[in-house]
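Accompanying notes for the structure given below.
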Amino acid sequence: MAEESKSTTLASPENQPPSAPIEPNSTQEVLPTETKTDPPADTTSKPEEETTAVQTEVTPEEHQPPTVTETETASTEKKEVGHETSQKEEAAEEQKRIPQNLGSFKEESSKLSDLSNSEKKSLDEFKHLVRDALDNHQFGSIPKPENTTNTPEQITIWGVPLLEDDRSDVVLLKFLRARDFKVKDSLVMLKNTIKWRNEFKIDELVEEELVDDLDKVVFMHGHDREGHPVCYNVYGEFQNKELYNKTFSDEEKRKHFLRTRIQFLERSIRKLDFSSGGVSTIFQVNDMKNSPGLGKKELRSATKQAVELLQDNYPEFVFKQAFINVPWWYLVFYTVIGPFMTPRSKSKLVFAGPSRSAETLFKYISPEQVPVQYGGLSVDPCDCNPDFSLDDAASEITVKPGTKQTVEIIIYEKCEIVWEIRVIGWEVSYKAEFAPEEKDAYTVVIQKPRKMKPSDEPVLTQSFKVNELGKVLLTVDNPTSKKKKLVYRFNVKPL
């Protein structure tokens, strides 16, 4: 029986031809459509003077980028039926237990021009009350010696001076939204926050050089698809008894932990854009894999204190909370706290079990921005990746059960091509070839067919020097009964 083929042609991630423009840094996913392949331009039919121009020497800035064709065919690998059936049943059961998304949520605009008339009225009223409070020294700041009692207070919060420009309006909006635009309640919250910041000496804390071993527990890495910086919280690191005791064993250590977390948050917030329409919220990813759970009373106590401080003094800074690698016990915890959460708070939460964590993150964060340990291609900033950066966009494809996906990278010039490729969880066969354009030329084997196991390296980086026109073929064969996520990207350097 002939194989049924479906394909889509798209431009490469860089320097796309005018005939197939895509937005920069976008991710293309192959959809199950009928054959629809746009062939590369045929230069043989062009006028003589144009053909001559193509043959002239080009500089690296003028080189013609490759085009990419992604083709789906039937798998040629044997299926392991019994093993696959049990895995499929386990994944289905996990999906039943774990809620995926608890409602739709669209972030409120930070553009002042997008406010409704009632919201604008509340903001104006709030600003008026804040001005009165500043004039009457109601925020409790200590005036400078040279100031007279008639000099208004000067309050700066997250690096933004209150009431001096539009950035102040964006800050005040956060307090209004946290209190459902109840102006008097918002003023009380603002006063309490400023009082707490003074008592905690936040501005001094930001400048301190605190020492901790928590760089793998909490860290910022990349941005989501809408430009929000992403913060990762890795609770499994506290399975290390030495780190746990060093962080939580006594009250003094717990206080130090709290100070380091507040310092980290303050420094991150001050990098946000508080201008009208800017990105002033953070995407939070909470990795629950190997989390110590609710039995660790010291961790539970420190977490409770931190959450209360964040709720009271850092309003509307979380765009979305994604919980990945969610274990069964967290569902018990959520069952307890869920009824006390507002629908708006619930709508910001996303949950994913181990088998769906990478796929869930990719809905919000492009693969090149996601760290390798979470299914993406981005390495730790401390590591060296001379071939790719966060700016090099990746493409992602869903490889259906029992199908084979081939990525064809058509080369139009002599060059060196470097690519990264991964399939989340592997369990597939992978090979790479170069097929010259010349009719009687032999196909070059770059990578023999290799059965990739889950324990194999998460990302393969390979390269090939192209000395003649042709195409690089990257083939992934998925014999399993589960869909797989294929992620790849490439760069070319003209020779």
Side-chain angles (χ1 to χ4, degrees), residues 139-142 144-145 154-162 167 171 174 192-223 228-274 278-287 292 296 298-299 301-315 317-318 371 373 378-385 389-390:
F139 285 111
S141 65
I142 302 175
K144 296 178 182 179
Q154 293 181 335
I155 301 293
T156 298
I157 183 168
W158 304 306
V160 178
L162 285 184
R167 294 179 302 157
V171 169
K174 291 182 178 294
N192 289 338
T193 295
I194 292 173
K195 179 182 177 183
W196 171 79
R197 293 176 69 83
N198 289 335
E199 292 173 350
F200 215 86
K201 299 181 179 179
I202 293 295
D203 290 332
E204 295 179 20
L205 175 63
V206 171
E207 302 300 325
E208 285 186 40
E209 292 297 329
L210 298 179
V211 178
D212 65 31
D213 298 313
L214 303 177
D215 54 319
K216 291 184 178 180
V217 177
V218 183
F219 59 91
M220 305 293 293
H221 191 102
H223 297 78
H228 303 93
V230 183
C231 177
Y232 291 84
N233 301 283
V234 188
Y235 296 104
E237 292 292 327
F238 288 126
Q239 285 285 12
N240 183 319
K241 291 184 179 180
E242 182 180 351
L243 178 62
Y244 185 90
N245 291 331
K246 191 175 181 179
T247 308
F248 300 114
S249 60
D250 59 50
E251 186 64 27
E252 193 64 31
K253 290 182 172 113
R254 290 194 288 272
K255 284 182 180 179
H256 181 75
F257 167 76
L258 190 62
R259 285 174 59 80
T260 59
R261 293 310 90 205
I262 291 174
Q263 183 191 69
F264 176 87
L265 180 60
E266 281 285 332
R267 289 177 174 178
S268 300
I269 286 176
R270 293 178 188 222
K271 296 176 183 178
L272 297 175
D273 183 2
F274 287 98
V279 175
S280 60
T281 52
I282 296 171
F283 191 112
Q284 290 266 10
V285 176
N286 304 284
D287 181 9
K296 300 284 189 179
E298 300 89 358
L299 174 60
S301 174
T303 300
K304 182 175 180 292
Q305 186 179 7
V307 168
E308 288 175 352
L309 282 177
L310 295 179
Q311 289 178 340
D312 294 340
N313 302 292
Y314 294 90
F317 275 106
V318 175
Q373 63 266 37
S378 183
V379 298
D380 188 286
C382 297
D383 296 333
C384 179
N385 186 348
S389 70
L390 284 172

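The residues of the chain are indexed from 1 along the displayed sequence.
- Using a 4.5 Å cut-off on side-chain heavy atoms (C-beta onward), Ile262 and Leu205 make contact.
- Residues Leu214 and Phe264 are not in side-chain contact: their nearest non-hydrogen atoms beyond the backbone lie 4.5 Å or more apart.
- With salt bridges taken as basic N to acidic carboxylate O contacts below 4.0 Å, one links Glu308 and Lys304.
- Of the residues Leu243, Val234, Asn233, the one that meets the side-chain contact (heavy atoms from CB on, under 4.5 Å) test with Val217 is Leu243.
- Under the side-chain contact (heavy atoms from CB on, under 4.5 Å) rule, Thr260 has a single partner from Val211, Asp213, Leu265, Asp212, which is Asp212.
- Annotation: side chain of Ile194 is not in contact with side chain of Trp196 (no heavy-atom distance under 4.5 Å).
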Residues Asn192, Asp312; criterion side chain to side chain contact (heavy atoms under 4.5 Å, CB included); working and verdict: CA-CA 8 Å; Asn192 289 338; Asp312 294 340; over 6 Å; no
Steps toward side chain to side chain contact (heavy atoms under 4.5 Å, CB included) verdict (Val285, Val230): CA-CA 7 Å; Val285 176; Val230 183; 3.8 Å; yes
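- Arg254 places a side-chain N or O within donor-acceptor distance of the main-chain N or O of Phe248, the cut-off being under 3.5 Å.
- For Glu242, the CD atom is loosely surrounded, since the number of other residues' heavy atoms within 6.0 Å does not exceed 12.
- In this structure, the side chains of Val218 and Cys231 come closer than 4.5 Å at one or more pairs of heavy atoms.
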Step-by-step side chain to side chain contact (heavy atoms under 4.5 Å, CB included) determination, Phe317 to Leu272: CA-CA 10 Å; Phe317 275 106; Leu272 297 175; 3.9 Å; yes
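- Between Arg261 and Glu266 no salt bridge is recorded (no basic side-chain N to carboxylate O distance below 4.0 Å).
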CA sep, side-chain torsions, deciding dist, call: Arg270, Asp203, salt bridge (charged side-chain N to carboxylate O under 4.0 Å, His left out): CA-CA 11 Å; Arg270 293 178 188 222; Asp203 290 332; 2.9 Å; yes
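- Under the 4.5 Å side-chain criterion, counting only non-hydrogen atoms from C-beta, Phe283 is not in contact with Tyr232.
- The closest donor-acceptor contact from the side chain of Gln263 to the backbone of Glu208 lies under 3.5 Å.
- Side chain of Arg267 to backbone of Val206: a donor-acceptor contact under 3.5 angstrom is found.
- Relative to the six-membered ring of Phe139, Lys195 misses at least one condition, a distance below 6.0 Å or an angle of at most 45° to the axis.
- Annotation: side chain of Val160 is in contact with side chain of Arg167 (closest heavy-atom distance under 4.5 Å).
- Side-chain contact between Lys174 and Ser280: present, with at least one pair of heavy atoms (C-beta onward) separated by less than 4.5 Å.
- Salt bridge annotation for Lys255-Glu252: absent, with no cationic side-chain nitrogen under 4.0 angstrom from a carboxylate oxygen.
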Check against side chain to side chain contact (heavy atoms under 4.5 Å, CB included), Lys246 and Phe257: CA-CA 10 Å; Lys246 191 175 181 179; Phe257 167 76; over 6 Å; no
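- Under the 3.5 Å distance criterion, the side-chain polar atoms of Tyr244 are matched with a main-chain donor or acceptor of Leu299.
- At least one side-chain heavy atom of Val279 sits less than 4.5 Å from a side-chain heavy atom of Pro229.
- Around atom NZ of Lys253, more than 12 heavy atoms belonging to other residues, nucleotides or ligands sit under 6.0 Å away.
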